[in-house]
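First comes the structure, then the notes that go with it.
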Amino acid sequence: MGCGLLGAKTGLKVRELLETLPILLLLVVLCGLDWALYSIFDTIRHHSFLQYSFRSSHKLEVKVGGDSMLARLLRKTIGALNTSSETVMESNNMPCLPQPVGLDARAYWRAALPIGLLVCLCLLQAFGYRLRRVIAAFYFPKREKKRILFLYNDLLRRRAAFTKLRRAAILRRARQQKAPRHPLADILHRGCPLLRRWLRRRCVVCQAPETPDSYVCRTLDCEAVYCWSCWDDMRQRCPVCTPREELSSSAFSDSNDDTAYAW
(Lines give C-alpha, C1' and ligand atoms only; values in the text may rest on other atoms or scores of the structure.)
Protein backbone atom coordinates (compact mmCIF):
# COMPACT_ATOMS: atom_id res chain seq x y z
CA MET A 1 0.00 0.00 0.00
CA GLY A 2 2.88 2.36 0.77
CA CYS A 3 4.31 1.85 -2.71
CA GLY A 4 0.96 2.68 -4.27
CA LEU A 5 0.59 5.86 -2.26
CA LEU A 6 4.17 6.83 -3.03
CA GLY A 7 3.54 6.30 -6.73
CA ALA A 8 0.38 8.40 -6.58
CA LYS A 9 2.22 11.24 -4.82
CA THR A 10 5.08 11.06 -7.29
CA GLY A 11 2.60 11.16 -10.18
CA LEU A 12 0.90 14.18 -8.62
CA LYS A 13 4.23 16.01 -8.30
CA VAL A 14 5.15 15.23 -11.89
CA ARG A 15 1.77 16.42 -13.12
CA GLU A 16 2.05 19.68 -11.20
CA LEU A 17 5.56 20.23 -12.53
CA LEU A 18 4.36 19.59 -16.07
CA GLU A 19 1.67 22.23 -15.57
CA THR A 20 4.33 24.78 -14.58
CA LEU A 21 6.46 23.88 -17.59
CA PRO A 22 4.58 26.16 -20.07
CA ILE A 23 5.01 29.13 -17.71
CA LEU A 24 8.70 28.37 -17.36
CA LEU A 25 9.11 28.08 -21.13
CA LEU A 26 7.25 31.38 -21.61
CA LEU A 27 9.60 33.08 -19.15
CA VAL A 28 12.66 31.69 -20.94
CA VAL A 29 11.29 32.79 -24.34
CA LEU A 30 10.52 36.30 -23.08
CA CYS A 31 13.95 36.70 -21.48
CA GLY A 32 15.62 35.43 -24.64
CA LEU A 33 13.53 37.75 -26.80
CA ASP A 34 14.37 40.71 -24.57
CA TRP A 35 18.08 39.97 -24.81
CA ALA A 36 17.87 39.53 -28.59
CA LEU A 37 16.03 42.82 -29.10
CA TYR A 38 18.46 44.65 -26.84
CA SER A 39 21.42 43.22 -28.77
CA ILE A 40 19.89 44.21 -32.12
CA PHE A 41 19.04 47.77 -31.11
CA ASP A 42 22.40 48.26 -29.39
CA THR A 43 24.19 47.11 -32.55
CA ILE A 44 22.10 49.52 -34.64
CA ARG A 45 22.90 52.38 -32.26
CA HIS A 46 26.64 51.74 -32.43
CA HIS A 47 27.00 51.15 -36.15
CA SER A 48 24.46 53.70 -37.44
CA PHE A 49 25.85 56.71 -35.58
CA LEU A 50 26.70 59.63 -37.88
CA GLN A 51 28.23 63.00 -36.91
CA TYR A 52 28.34 66.09 -39.11
CA SER A 53 30.77 68.97 -38.65
CA PHE A 54 30.40 72.31 -40.57
CA ARG A 55 32.90 75.15 -40.37
CA SER A 56 32.80 78.51 -42.22
CA SER A 57 34.55 81.85 -41.86
CA HIS A 58 34.42 85.20 -43.71
CA LYS A 59 36.22 88.51 -43.40
CA LEU A 60 35.14 91.87 -44.85
CA GLU A 61 37.74 94.63 -44.94
CA VAL A 62 37.69 97.91 -46.95
CA LYS A 63 40.94 99.82 -47.24
CA VAL A 64 40.97 103.52 -48.21
CA GLY A 65 44.28 105.04 -49.16
CA GLY A 66 45.40 108.63 -49.13
CA ASP A 67 46.04 111.35 -46.56
CA SER A 68 43.39 113.85 -47.50
CA MET A 69 40.56 114.83 -45.28
CA LEU A 70 38.09 112.90 -47.46
CA ALA A 71 40.21 109.78 -47.23
CA ARG A 72 40.37 110.09 -43.47
CA LEU A 73 36.63 110.59 -43.34
CA LEU A 74 35.96 107.51 -45.51
CA ARG A 75 38.28 105.39 -43.42
CA LYS A 76 36.38 106.36 -40.30
CA THR A 77 32.95 105.79 -41.79
CA ILE A 78 33.57 102.78 -44.01
CA GLY A 79 36.08 101.20 -41.61
CA ALA A 80 33.20 100.47 -39.26
CA LEU A 81 31.88 98.04 -41.84
CA ASN A 82 34.93 95.82 -41.62
CA THR A 83 33.77 92.53 -40.03
CA SER A 84 35.07 89.01 -39.62
CA SER A 85 33.18 85.93 -38.38
CA GLU A 86 33.76 82.18 -38.01
CA THR A 87 30.95 79.59 -37.78
CA VAL A 88 31.39 76.07 -36.31
CA MET A 89 28.35 73.74 -36.32
CA GLU A 90 28.31 70.08 -35.26
CA SER A 91 25.34 67.77 -35.54
CA ASN A 92 24.61 64.00 -35.26
CA ASN A 93 21.71 61.57 -35.64
CA MET A 94 21.72 60.39 -32.02
CA PRO A 95 18.13 61.57 -31.32
CA CYS A 96 16.91 59.41 -34.21
CA LEU A 97 18.65 56.23 -33.04
CA PRO A 98 17.12 53.72 -30.61
CA GLN A 99 18.22 53.94 -27.00
CA PRO A 100 17.89 50.39 -25.62
CA VAL A 101 18.08 49.79 -21.89
CA GLY A 102 19.14 46.28 -20.86
CA LEU A 103 17.67 44.49 -17.88
CA ASP A 104 20.00 43.93 -14.99
CA ALA A 105 20.39 40.76 -12.95
CA ARG A 106 17.94 42.00 -10.33
CA ALA A 107 15.17 42.26 -12.93
CA TYR A 108 15.80 38.72 -14.10
CA TRP A 109 15.74 37.47 -10.52
CA ARG A 110 12.44 39.25 -9.89
CA ALA A 111 10.95 37.58 -12.96
CA ALA A 112 12.25 34.10 -12.06
CA LEU A 113 11.42 34.25 -8.34
CA PRO A 114 7.65 33.64 -8.74
CA ILE A 115 8.32 30.66 -11.01
CA GLY A 116 10.73 29.22 -8.46
CA LEU A 117 8.17 29.67 -5.68
CA LEU A 118 5.55 27.97 -7.85
CA VAL A 119 7.83 24.97 -8.43
CA CYS A 120 8.54 24.73 -4.69
CA LEU A 121 4.81 24.81 -3.95
CA CYS A 122 4.27 22.00 -6.47
CA LEU A 123 6.90 19.89 -4.71
CA LEU A 124 5.45 20.62 -1.27
CA GLN A 125 1.83 20.18 -2.30
CA ALA A 126 1.85 16.44 -1.54
CA PHE A 127 2.98 17.14 2.01
CA GLY A 128 0.11 19.60 2.34
CA TYR A 129 -2.31 16.88 1.26
CA ARG A 130 -0.75 14.54 3.82
CA LEU A 131 -1.23 17.14 6.55
CA ARG A 132 -4.86 17.44 5.50
CA ARG A 133 -5.27 13.68 5.90
CA VAL A 134 -3.62 13.76 9.33
CA ILE A 135 -6.01 16.48 10.51
CA ALA A 136 -9.03 14.60 9.16
CA ALA A 137 -7.83 11.36 10.81
CA PHE A 138 -7.51 13.12 14.14
CA TYR A 139 -11.13 14.28 14.11
CA PHE A 140 -12.63 11.28 12.24
CA PRO A 141 -10.64 8.12 13.18
CA LYS A 142 -13.33 5.66 12.03
CA ARG A 143 -13.48 7.31 8.62
CA GLU A 144 -9.71 7.09 8.37
CA LYS A 145 -9.82 3.37 9.19
CA LYS A 146 -12.37 2.75 6.41
CA ARG A 147 -10.17 4.71 4.02
CA ILE A 148 -7.08 2.63 4.87
CA LEU A 149 -9.00 -0.64 4.46
CA PHE A 150 -10.33 0.50 1.09
CA LEU A 151 -6.84 1.42 -0.15
CA TYR A 152 -5.41 -1.87 1.12
CA ASN A 153 -8.06 -3.97 -0.61
CA ASP A 154 -7.68 -1.94 -3.80
CA LEU A 155 -3.93 -2.60 -3.70
CA LEU A 156 -4.56 -6.34 -3.32
CA ARG A 157 -6.93 -6.33 -6.29
CA ARG A 158 -4.39 -4.52 -8.44
CA ARG A 159 -1.66 -6.92 -7.36
CA ALA A 160 -3.79 -9.92 -8.29
CA ALA A 161 -4.58 -8.40 -11.69
CA PHE A 162 -0.89 -7.64 -12.26
CA THR A 163 -0.02 -11.26 -11.39
CA LYS A 164 -2.42 -12.56 -14.03
CA LEU A 165 -1.14 -10.17 -16.66
CA ARG A 166 2.48 -10.99 -15.87
CA ARG A 167 1.93 -14.77 -16.11
CA ALA A 168 -0.01 -14.31 -19.37
CA ALA A 169 2.89 -12.31 -20.84
CA ILE A 170 5.39 -15.01 -19.81
CA LEU A 171 3.24 -17.73 -21.41
CA ARG A 172 2.92 -15.72 -24.63
CA ARG A 173 6.69 -15.20 -24.89
CA ALA A 174 7.33 -18.89 -24.16
CA ARG A 175 4.97 -19.92 -26.97
CA GLN A 176 6.76 -17.55 -29.33
CA GLN A 177 10.10 -19.15 -28.43
CA LYS A 178 8.77 -22.69 -29.00
CA ALA A 179 7.45 -21.76 -32.44
CA PRO A 180 9.74 -23.08 -35.21
CA ARG A 181 12.03 -20.47 -36.67
CA HIS A 182 12.39 -19.78 -40.36
CA PRO A 183 15.24 -21.70 -42.00
CA LEU A 184 16.75 -18.41 -43.10
CA ALA A 185 17.15 -17.41 -39.46
CA ASP A 186 19.12 -20.58 -38.73
CA ILE A 187 21.34 -19.97 -41.76
CA LEU A 188 22.05 -16.39 -40.63
CA HIS A 189 22.69 -17.58 -37.08
CA ARG A 190 25.36 -20.02 -38.27
CA GLY A 191 26.91 -17.90 -41.01
CA CYS A 192 26.82 -14.36 -39.58
CA PRO A 193 28.33 -14.03 -36.11
CA LEU A 194 27.37 -10.33 -36.00
CA LEU A 195 23.67 -11.22 -36.27
CA ARG A 196 23.70 -13.82 -33.54
CA ARG A 197 23.09 -11.17 -30.92
CA TRP A 198 19.67 -10.39 -32.42
CA LEU A 199 18.82 -14.00 -33.33
CA ARG A 200 19.39 -15.42 -29.85
CA ARG A 201 16.54 -16.42 -27.61
CA ARG A 202 15.57 -14.06 -24.83
CA CYS A 203 14.47 -14.31 -21.22
CA VAL A 204 10.70 -14.74 -21.06
CA VAL A 205 10.52 -12.31 -18.12
CA CYS A 206 12.90 -9.40 -18.81
CA GLN A 207 13.68 -10.06 -22.51
CA ALA A 208 17.43 -10.12 -21.88
CA PRO A 209 19.45 -11.97 -24.58
CA GLU A 210 20.35 -15.57 -23.84
CA THR A 211 23.84 -16.14 -22.44
CA PRO A 212 25.78 -19.28 -21.51
CA ASP A 213 24.76 -18.62 -17.88
CA SER A 214 21.04 -18.46 -18.68
CA TYR A 215 18.77 -21.13 -17.21
CA VAL A 216 16.70 -23.27 -19.59
CA CYS A 217 13.74 -25.10 -18.12
CA ARG A 218 14.42 -28.85 -18.06
CA THR A 219 10.78 -29.81 -18.42
CA LEU A 220 10.02 -31.69 -21.61
CA ASP A 221 8.46 -29.51 -24.33
CA CYS A 222 9.01 -26.33 -22.27
CA GLU A 223 12.61 -25.08 -22.64
CA ALA A 224 11.72 -21.58 -21.45
CA VAL A 225 14.78 -19.33 -21.07
CA TYR A 226 15.41 -17.35 -17.86
CA CYS A 227 18.27 -15.20 -16.77
CA TRP A 228 19.51 -16.08 -13.31
CA SER A 229 18.07 -12.96 -11.64
CA CYS A 230 14.60 -13.63 -13.07
CA TRP A 231 14.88 -17.33 -12.18
CA ASP A 232 15.57 -16.36 -8.58
CA ASP A 233 12.62 -13.93 -8.64
CA MET A 234 10.39 -16.78 -9.82
CA ARG A 235 11.47 -18.78 -6.74
CA GLN A 236 13.09 -21.25 -9.20
CA ARG A 237 9.71 -22.40 -10.46
CA CYS A 238 8.82 -22.12 -14.12
CA PRO A 239 5.39 -20.48 -14.48
CA VAL A 240 5.09 -21.84 -18.03
CA CYS A 241 5.01 -25.53 -17.20
CA THR A 242 3.82 -25.31 -13.59
CA PRO A 243 0.04 -25.51 -13.16
CA ARG A 244 -1.62 -22.28 -12.14
CA GLU A 245 -3.11 -23.67 -8.96
CA GLU A 246 0.36 -24.70 -7.74
CA LEU A 247 1.76 -21.22 -8.11
CA SER A 248 1.30 -18.97 -5.12
CA SER A 249 1.03 -15.25 -5.39
CA SER A 250 4.37 -14.97 -3.61
CA ALA A 251 6.16 -16.01 -6.78
CA PHE A 252 4.95 -12.88 -8.55
CA SER A 253 4.97 -10.32 -5.75
CA ASP A 254 7.27 -8.95 -3.11
CA SER A 255 5.33 -10.52 -0.26
CA ASN A 256 6.07 -13.98 1.13
CA ASP A 257 2.50 -14.51 2.34
CA ASP A 258 -0.67 -15.05 0.36
CA THR A 259 -2.74 -11.92 0.02
CA ALA A 260 -5.99 -11.72 1.93
CA TYR A 261 -8.57 -8.99 1.91
CA ALA A 262 -9.11 -6.97 5.07
CA TRP A 263 -12.51 -6.06 6.44
Side-chain angles (χ1 to χ4, degrees), residues 1-57 86-139 144 147-148 150-151 154-155 157-159 161-162 165-166 169 173 194-195 197-198 202-203 205-209 229 254:
M1 181 173 61
C3 295
L5 293 178
L6 181 60
K9 292 176 182 178
T10 305
L12 180 62
K13 291 181 181 179
V14 173
R15 185 178 61 187
E16 296 294 338
L17 290 176
L18 290 178
E19 290 179 358
T20 60
L21 187 60
I23 304 177
L24 182 60
L25 292 178
L26 178 61
L27 177 63
V28 173
V29 170
L30 291 179
C31 292
L33 184 62
D34 175 77
W35 178 82
L37 292 177
Y38 172 77
S39 301
I40 293 173
F41 290 143
D42 187 66
T43 303
I44 294 175
R45 183 172 63 89
H46 280 85
H47 294 277
S48 299
F49 177 74
L50 296 176
Q51 185 173 5
Y52 304 93
S53 180
F54 177 76
R55 294 176 179 272
S56 64
S57 61
E86 185 176 358
T87 303
V88 178
M89 185 177 63
E90 294 183 357
S91 178
N92 54 56
N93 62 343
M94 183 61 70
C96 302
L97 295 177
Q99 305 293 329
V101 178
L103 295 178
D104 54 356
R106 181 178 298 179
Y108 286 109
W109 276 110
R110 288 179 180 178
L113 184 60
I115 305 298
L117 293 177
L118 183 60
V119 173
C120 292
L121 290 177
C122 292
L123 296 176
L124 298 176
Q125 187 175 10
F127 297 98
Y129 289 158
R130 181 182 299 180
L131 181 62
R132 181 183 62 181
R133 183 193 62 80
V134 171
I135 296 174
F138 178 79
Y139 288 101
E144 178 66 14
R147 173 181 175 275
I148 293 175
F150 171 78
L151 292 176
D154 183 66
L155 178 62
R157 286 191 294 268
R158 292 185 180 183
R159 182 179 296 175
F162 175 73
L165 292 176
R166 188 175 183 183
R173 293 168 184 168
L194 297 177
L195 298 179
R197 181 178 180 182
W198 289 274
R202 295 180 177 272
C203 174
V205 179
C206 65
Q207 292 293 293
S229 59
D254 297 332

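All values derive from a computational prediction rather than experimental measurement.
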Search all heavy atoms of [X] against all heavy atoms of [Y] and return the closest pair with its distance.
X	Y	answer
Cys206	Arg173	N-NH1, 4.5 Å
Pro114	Ala111	CD-O, 3.5 Å
Leu50	Tyr52	CD1-OH, 3.8 Å
Asn93	Ser48	ND2-O, 2.9 Å
Pro100	Pro98	CD-O, 3.3 Å
Ala112	Leu27	CA-CD2, 3.8 Å

Could you pull out all residues at least two apart from [X] that satisfy side-chain contact (heavy atoms from CB on, under 4.5 Å)?
X	value
Ser53	Arg55, Glu90
Phe138	none
Ile23	Ile115, Leu118
Glu144	Arg133, Ala137, Arg147, Ile148

What distance do [X] atom [atom1] and [Y] atom [atom2] have between them, rounded to the nearest 0.5 Å?
X	Y	atom1	atom2	value
Leu21	Leu26	CG	CG	11.0 Å
Ile40	Trp35	CD1	CH2	9.0 Å
Asp154	Phe150	CG	CZ	5.0 Å
Leu97	Gln99	CG	CD	7.0 Å
Leu117	Leu124	CG	CG	10.5 Å
Thr20	Leu123	OG1	CG	8.5 Å

Original post:
Considering only heavy atoms from C-beta outward, does the side chain of Thr43 approach that of Phe41 to under 4.5 Å?
Top reply: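 Counting from C-beta outward, Thr43 and Phe41 never come under 4.5 Å.
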Subject >> Contact check, side chains of Thr87 and Ser57, non-hydrogen atoms, under 4.5 Å >> reply: no
**OP:** Not counting sequence neighbours, list each pair that qualifies as a side-chain hydrogen bond (donor to acceptor under 3.5 Å, both in side chains) and has a residue in residues 100-115.
**Re:**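 Found Asp34-Tyr108.
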Original post:
So which pairs with a foot in residues 115-124 pass salt bridge (charged side-chain N to carboxylate O under 4.0 Å, His left out), sequence neighbours left out?
Top reply: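 Qualifying pairs, neighbours excluded: none.
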